[in-house]
Amino acid sequence: MPFWIHLGPDGSSWCSVRPAAPDVYDVHTADGASLARITRRPSRLLPGPRRARWSAQFTDPPQSVTGPVGTWYAWLAYVVTAPVWILFALCVVAYSLFDGTADDFTFRSPARTRWRTSGAGTVLDYRGISKVYRVSHARLDVRVAYALAVLQTWERQH
């Protein structure tokens with residue numbers, strides 16, 4: 001799934017993102033120079049639970065940003081209240097069968113992601129409830145921020 005971001009001053013291509021391997025994407029500038037490599041480490045339950053993690057390794061200057069998906073306290077609340085949500089979902093499905101409505105009652109896992117870099121703190125922040133990204137333009141290349149946002153949004157929808 002390669003894609004291009006068109007946000008240049010004249011509407012030209014700003015950067016392109018191409019898959020390099022499963023869950024690995026290369027970000028290139030408009031002239032084809034390598035800008036960064038974005039990697040998504042999937043979540044797992046066993047042998048030890050871990051959150052999904054997005055990271056971007058820049059080529060010049062060599063730095064990286066990393067963002068685990070969801071906060072630890074949101075995941076704790078999600079796991080502790082899961083039995084209640086499952087019961088609620090079953091009740092909603094049963095009600096919709098009698099009522100005839102087909103509303104989408106999907107329950108999503110915690111999604112807040114804070115990309116941090118050593119020495120600079122949070123450079124990109126995604127808030128899952130409001131679905132808003134906040135970027136620190138001075139500390140993160142905006143092209144990489146857009147690429148991270150598009151890839152994370154696409155991954156959540158598929």
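Just the heavy atoms: all of them, side chains too, but no hydrogens, waters or symmetry mates, feed the values below.
- Side-chain contact between Y25 and R18 is absent, with no heavy atoms from C-beta onward closer than 4.5 Å.
- In this structure a side-chain-to-backbone donor-acceptor pair under 3.5 Å is missing from S64 to A56.
- Of all heavy-atom pairs spanning T113 and G70, the tightest one is OG1-N, 4.4 Å.
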For C15 and T29, run side-chain contact (heavy atoms from CB on, under 4.5 Å): C-alpha distance rounded to whole Å, both residues' side-chain angles, the deciding distance at 0.1 Å, then the answer. CA-CA 4 Å; C15 69; T29 61; 5.7 Å; no
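- To the nearest 0.5 Å, atom CG of residue L148 and atom CG of residue L140 are 7.0 Å apart.
- The minimum heavy-atom distance between V123 and A120, with the atom names listed, is CG1-CB, 4.3 Å.
- For the atom pair CD1 of I5 and CH2 of W14, the computed distance is 8.0 Å after rounding to the nearest 0.5 Å.
- Taking CZ from F3 and OG from S13, the interatomic distance works out to 11.0 Å, rounded to the nearest 0.5 Å.
- When all heavy atoms are compared, the tightest approach of A147 to I38 is CB-CD1, 3.8 Å.
- Hydrophobic clustering (side-chain heavy atoms under 4.5 Å, transitive across Ile, Leu, Val, Met, Phe, Trp, Tyr) groups W85 together with V92.
- Counting heavy atoms from C-beta outward, L151 and V17 have side chains that approach closer than 4.5 Å.
- Taking 4.5 Å as the limit, every side-chain heavy atom of R53 sits out of range of all side-chain heavy atoms of R40.
- The CG atom of D141 lies 5.0 Å from the CG atom of L35; values are rounded to the nearest 0.5 Å.
- Of the possible polar contacts, none joining the T122 side chain to the R116 backbone as a donor-acceptor pair under 3.5 Å is found.
- Of the possible donor and acceptor atoms, none in the side chain of T153 sits under 3.5 Å from a partner among the backbone N and O of V150.
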Walk me through whether T39 and Q57 qualify under side-chain hydrogen bond (donor to acceptor under 3.5 Å, both in side chains). CA-CA 8 Å; T39 306; Q57 180 69 40; over 6 Å; no
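- Considering all non-hydrogen atoms of both residues, P110 and V69 come closest at O-CG1, 3.7 Å.
- Atom CZ in R51 sits 11.0 Å away from atom OG in S43 (nearest 0.5 Å).
- A salt bridge does not link D125 to R134: none of the charged nitrogens lies less than 4.0 Å from a carboxylate oxygen.
- Atom CG of residue D26 and atom CZ of residue R37 lie 4.0 Å apart, to the nearest 0.5 angstrom.
- Using a 4.5 Å heavy-atom threshold, the side chains of R41 and W54 count as separate.
- Hydrophobic clustering, with ILVMFWY side chains joined whenever heavy atoms are under 4.5 angstrom apart, groups W72 together with V80.
- Side chains of W115 and Y126 form a contact here, defined as non-hydrogen atoms less than 4.5 Å apart.
- Remark: the backbone N or O of G67 is not paired with any side-chain donor or acceptor of R114 at under 3.5 angstrom.
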